[in-house]
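This report concerns only the one structure given below.
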Protein chains: 2
Amino acid sequence: MRTDTTFKRAFNDMIDIIRTLDLGAELPSENALRTQLGVSRTTVRKVLAGMSARGIIISEAHKRIIREQPRQKERYPKKETLAISEQVETSFMEWMLRGDACPGTEINETELARKFGVATTIVREFLNRFQKYGLIEKRQNAGWVFKGFTASFALELFEIREMFEMRSARLFAALPDGSPVWKQIQSMRAAHLELLADIDARFQDFSELDSRFHRLITAVAPNRFIESFQDVITMVFHYHYQWNKRDERARNEVAIREHLALIEALESRNIALIDRACRLHLTSARETLLHSIA
Amino acid sequence: MRTDTTFKRAFNDMIDIIRTLDLGAELPSENALRTQLGVSRTTVRKVLAGMSARGIIISEAHKRIIREQPRQKERYPKKETLAISEQVETSFMEWMLRGDACPGTEINETELARKFGVATTIVREFLNRFQKYGLIEKRQNAGWVFKGFTASFALELFEIREMFEMRSARLFAALPDGSPVWKQIQSMRAAHLELLADIDARFQDFSELDSRFHRLITAVAPNRFIESFQDVITMVFHYHYQWNKRDERARNEVAIREHLALIEALESRNIALIDRACRLHLTSARETLLHSIA
DNA sequence: CATATGTTTCTTATGTATAAAAAACGGGGG
DNA sequence: CCCCCGTTTTTTATACATAAGAAACATATG
């Protein structure tokens, strides 16, 4: 009943590993592959068996030789490598952001399960996890209510975000010169400049960089609650902007410049400068989000 | 397979309703009872049927008469009125706080289900919801890890709590005289004074008052993320102090006095005073918690 | 026609089943 | 001993089943 997405993902990854090796070369041990693929040895063996069956490798006593290079078409399609629970996430986000749901809509576990073609258990589990994003609410014995991707959601989100991020940014002022963070900040700046140079072609890569940047800043002084809140922010930006592409390029370019200004402020160690740059960026991000909701 | 805890809770509540009425009196309509009991009419009818079967009421055409007063022993025991999911919460907390679990302990869904005598589905659902408290973490395809009720947990918790509560407390300074909040603050003060007067007998009532007080303060400017964080705090204090009763009376008395000081500060509308009173209380609460963890 | 009760249908809460994945066990060779 | 592989056991992810509860529909009664 469980899907074999772990196997398929590992299989695809194994193809990539084999491609880095020569024909006739010997594969690493099962344990080594286990670490490289990040799965259990059971799954490694299943992948190896699959490779053998396809004639890609030959299993001899205590070793496995590459017989022919796997072709790209042997890969499993992306969708089959996603656990059902992950697919449900995507389905739900589409349902939500496509506008099938307005504030106050009642969410019906059974109906969603039917619509998404999965078991109710999964939908239920998803909703329970999704609750932390503040967009749905449970009513005892009577399903869920969708509270809406509204302006007040955005405002509440940004109120917290501002508290958390200002707190972290300020801590930079007191950071010793020797801290490894400064190096990470440097390479973060480089990544921003690179993206900026090629902004016309790569503006869609910003979303991921944005998330990494803000996580780096909040990581100066780890706090599990702040980190968990970053998930909320990442989710909002990831999904919301998938459905609101208006001005995407321009929007991202502005944000990159604001990030660069913040980086400079952080490096100055001047609290006033840091505060200003941080608040400027957050205000602008908030306005952009509000604008795209309305 | 579902338990009938809703019915049993409603049944007990109905006993209380009947006790406020006279023998021979007519019961309210099913719909009226539905609202009073907070359940569906289906459940109301089941309760009425139960009452009839026990001879407590007589169902005539379109009305129900009280035939005899129900006795207390007819109530269902408290435990049977708790949904399985609620029982699991208690079981898990005991397991955790009794010390069966040290930081890094792996949590096994199957084993917990066996230990608690419930279905794995329930344990899984509970863990998913419990994740937000920051005490456990999920590993892909491999269960959960208990991160421990440690000092760093307490410190991270209080860092956020301080941000949130100072934010709310400060907002009081700008509140207009006419705001209904001031009345609530007044009655909150009264409740504190009452408890203080009878502290030797009632010190265990503090936990609930504490939660209400802090929720009232954060409610001046509602923010779903702050409210959700209050759940974390409530959980920590509710369960942790159930297992750490040392100095409970003294500890609660101190906290009450700090609350009273904060109330006074809030009413002064003086930001500096508010800040000081709030920080004082939070610092002392943090120290108490840290002390009891060590 | 409005409100109350009787009846039917749909949904949620909880238990059970099972394939996939992980972990544990065990023997053999360097 | 330590790593490697074959085998067995345990656990997780997912599906499905069903009684309890909610909601919708229907009928009756004032």
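Source: prediction; values computed, not measured. A note on names: the letters A, B, ... follow the listed sequences, proteins ahead of strands, and every chain is numbered from 1.
- Checked for salt-bridge contact, B/E111 and B/R114 miss the test: no charged N lies under 4.0 Å from a carboxylate O.
- Across the interface with DNA chain D, nearest-nucleotide mapping of A/P28 and A/E106 shows A/P28 to be the residue nearer the 5′ end.
- B/R114 has its CZ atom 15 Å from the C1' atom of C/dT16, to the nearest Å.
- In this structure, CZ of B/R139 is placed 7 Å from P of C/dA23, rounded to the nearest angstrom.
- In this structure, B/E137 does not pair ionically with A/R224, as no charged nitrogen and carboxylate oxygen lie closer than 4.0 Å.
- Counting any heavy atom pair closer than 4.0 Å across all strands shown, A/R64 reaches sugar-phosphate atoms only and no base atom.
- Only B/T6, B/F7, listed by number, bring a heavy atom of residues 6-18 of chain B to less than 4.0 angstrom from any atom of DNA chain D.
- Side chain of B/R139 to backbone of B/A142: a donor-acceptor contact under 3.5 angstrom is found.
- Between the side chain of A/R2 and the base of C/dA20, a donor-acceptor pair under 3.5 Å is found.
- Here the side chain of B/R45 is nearest to one of D/dG21, C/dG15, C/dT7, namely C/dT7.
- Look at CZ on A/R34: it is 12 Å from P on D/dC3, rounded to the nearest Å.
- The CD-P distance, from A/E30 to D/dC2, rounds to 21 Å in whole Å.
- When the side-chain nitrogen and oxygen atoms of B/T3 are compared with OP1 and OP2 of C/dT14, one or more of them lie within a distance under 4.0 Å.
- Side chain of B/A119, nearest nucleotide from D/dA22, C/dA4, C/dG15: C/dG15.
- Once rounded to the nearest 0.5 Å, the distance linking CZ of A/R9 with OG1 of A/T6 reads 5.0 Å.
- Side-chain atoms of B/T121 and base atoms of C/dT16 include a donor and an acceptor less than 3.5 Å apart.
- Scanning residues 77-87 of chain A for heavy-atom distances under 4.0 Å to DNA chain D yields A/A83, A/I84, A/S85.
- Rounding to the nearest 0.5 Å gives a distance of 11.5 Å between CD of A/E68 and CZ of A/R54.
- Note: CD (B/Q140) to P (C/dA22) measures 9 Å, nearest angstrom.
- One finds the CZ atom of B/R161 at 7.5 Å from the CG atom of B/L157 (value rounded to the nearest 0.5 Å).
- Positionally, the nearest nucleotide of DNA chain C for B/A32 lies more toward the 5' end than for the other of B/A32 and A/T110.
- From B/F126, atom CZ reaches atom CD of B/E86 across 11.5 Å, with rounding to the nearest 0.5 Å.
- The distance between atom CG of A/N128 and atom P of C/dT14, rounded to the nearest whole Å, is 12 Å.
- Here D/dG21 is the nucleotide among C/dG15, D/dA15, D/dG21 with the atom lying nearest to any side-chain atom of A/N141.
- For the pair A/R34 and A/E30, the salt-bridge criterion is not met [side-chain N within less than 4.0 Å of a carboxylate O].
- For B/K46 and D/dA22, the NZ to P distance is 10 Å, given to the nearest whole Å.
- Nucleic acid contact class of A/D4 (heavy atoms, under 4.0 Å, all strands): sugar-phosphate only.
- The CZ-P distance, from B/R124 to D/dT12, rounds to 8 Å in whole Å.
- Between A/R124 and B/E125, at least one side-chain nitrogen of the basic residue sits less than 4.0 Å from a carboxylate oxygen of the acidic one, meeting the salt-bridge criterion.
- A sub-4.0 Å separation between OP1 or OP2 of C/dA23 and a side-chain N or O of B/N108 is absent.
- When heavy atoms are screened at a 4.0 angstrom cut-off, B/K138 is found touching the sugar-phosphate backbone but no base atom.
- Under the 4.0 Å criterion applied to side-chain N and carboxylate O atoms, A/D210 and A/R215 are not assigned as salt-bridge partners.
- Below the 3.5 angstrom threshold, one finds no donor paired with an acceptor across the side chain of B/S29 and the base of C/dA4.
- If you check every strand for non-hydrogen atoms under 4.0 Å, B/T42 touches a base.
- A donor-acceptor contact under 3.5 Å links the side chain of B/R41 to the base of C/dG6.
- Between A/F92 and A/F130, the angle of the ring planes goes over 60°, which puts this pair in the perpendicular group of the 30/60° scheme.
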